[in-house]
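Below is one structure, written out as structure tokens; comments come after it.
Remember, it's 1-based here, ligands and their atoms both numbered in the order they're listed. Everything numeric here is computed off the predicted structure, so don't read it as measured data. Note that these values count all heavy atoms, side chains included, but never hydrogens, waters or copies made by symmetry.
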Amino acid sequence: MTDSKIRVVVVGANGRMGREVAKTVLNDPLLELVGAVDRSLDQVDVGIVTGYGETGVLFSTNLGETFVRSNPDVMIDFTNPNVIRDNVYTALDYGVRPVVGTTGIPQEDLQAWDGILREKEIGGVVAPNFAIGAVLMMKFAAQAAKYLPHVEIIEMHHDQKLDAPSGTAIKTAEMIAKERQRMEQGHPQEEEKLIGARGADFEGMRIHSVRLPGYVAHQEVIFGGLGQTLTIRHDSIHRESFMPGVAMAAKKVMAIKGLVYGLENLID
Ligand code: NAD
């Protein structure tokens, strides 16, 4: 049976998300962890770091070398926006399918990766949020925007997050923007007494980012109408909320060609 397992390298495997992902892969009967890469750790057994127990798979700081040695089918990357481009191009060079949770990736990169994946006739997945509840929040928000087009997004994350606004907030705004006309919100003459008070502007929608210790990943989408408001809220209270989505993507990516952007496009 070992031969039929999907061979996975986890990149950023010593990070908050990466450790959870490595543990998930180790516990999934259809996946096999064949490599763990992190710039912060070398030659340590990944099972020790994740609390799984010894596995014989040692951390490496070298992605290309790990690909050559372990011949993986899939790379799962949870690193950071500054290194993700290099990691994906390395994966593409070696014919390894990228499953990317790292956020803050520009649209142009997604388009470029899609083109290369199609040429190579292999799949890739990029999802700003792998939690099913968050995907439903985005879908419901897009639906609500048809009837209540005045909307603001507040996202709340732990204070070690590098990118703002979150990938989930941007994706939510993109999905809402498909359902409503561009419109300015608030008073036409409103004035920010402190720069940034009204948040970021996405096609007239305001996005506010809160960064505090104690949070994992949370978002509220607030709609305002005549005499009423509607709030759609999702909370990831533990990083395991993302794991079923990550494991599903690592399996489904084997059957697709080109890039799928967003978990919602894998489940419907
Ligand atoms: P983290 O800082 O805890 O972990 C990142 C890890 O990547 C670190 O261990 C770091 O040493 C490693 N790293 C950095 N550069 C590297 C490189 N060049 N090669 C190999 N390893 C490298 O961060 P985190 O909280 O685990 O988040 C990681 C990413 O995942 C962020 O972009 C975050 O926004 C995103 N995220 C996505 C989802 C989702 O569902 N898609 C959920 C949570 C977080």
For [X], the ligand 1 atoms whose distance to one of its heavy atoms is below 4.0 Å:
X: N14; result: 9 (O)
X: S40; result: 11 (O)
X: N80; result: 14 (C), 15 (N)

Can you tell me which residue and heavy atom of the protein come closest to [atom], and the distance to 0.1 Å?
atom: atom 23 (O) of ligand 1; answer: R16 NH2, 3.5 Å
atom: atom 40 (O) of ligand 1; answer: F130 N, 2.8 Å
atom: atom 30 (O) of ligand 1; answer: F78 CD2, 3.3 Å
atom: atom 27 (O) of ligand 1; answer: M17 CG, 4.1 Å
atom: atom 34 (O) of ligand 1; answer: T103 OG1, 2.7 Å
atom: atom 41 (N) of ligand 1; answer: A127 O, 2.8 Å

I207 to P165 - nearest heavy-atom pair and separation: CG2-CB, 3.6 Å
With R198 as partner, the option from E184, E192, E152 fulfilling salt bridge (charged side-chain N to carboxylate O under 4.0 Å, His left out) is E152
Nitrogen or oxygen atoms of [X] and ligand 1 under 3.5 Å apart:
X: V11; value: no
X: G101; value: yes
X: P128; value: yes

Which residue from [options] reaches closest to [atom] through any of its heavy atoms?
atom: atom 12 (C) of ligand 1; options: V83, L63, D38; answer: D38
atom: atom 28 (C) of ligand 1; options: V100, T79, V99; answer: T79
atom: atom 19 (N) of ligand 1; options: H157, R39, R239; answer: R39
atom: atom 4 (O) of ligand 1; options: G12, G15, A249; answer: G15

Any donor-acceptor pair under 3.5 Å linking the side-chain atoms of [Y] with those of [X]?
X: T79; Y: D77; answer: yes
X: E155; Y: S209; answer: yes
X: N14; Y: R19; answer: yes

Which of I76, V10, V8, V21 passes side chain to side chain contact (heavy atoms under 4.5 Å, CB included) with V99? Answer is I76
Got a donor-acceptor contact below 3.5 angstrom from the D159 side chain to the L212 backbone? no
Co-membership, hydrophobic cluster, residues Y147 and I153, 4.5 Å side-chain: no
Heavy atoms of other groups near E190 CD, more than 12 under 6.0 Å: yes
Side chain or backbone of K161 under 4.0 Å from ligand 1, or both, or neither, by non-hydrogen atoms? side chain
Is the F78 ring parallel, tilted or perpendicular to the F130 ring (thresholds 30°, 60°)? tilted
Cation-aromatic face contact K161/Y215, 6.0 Å, 45 degrees: no
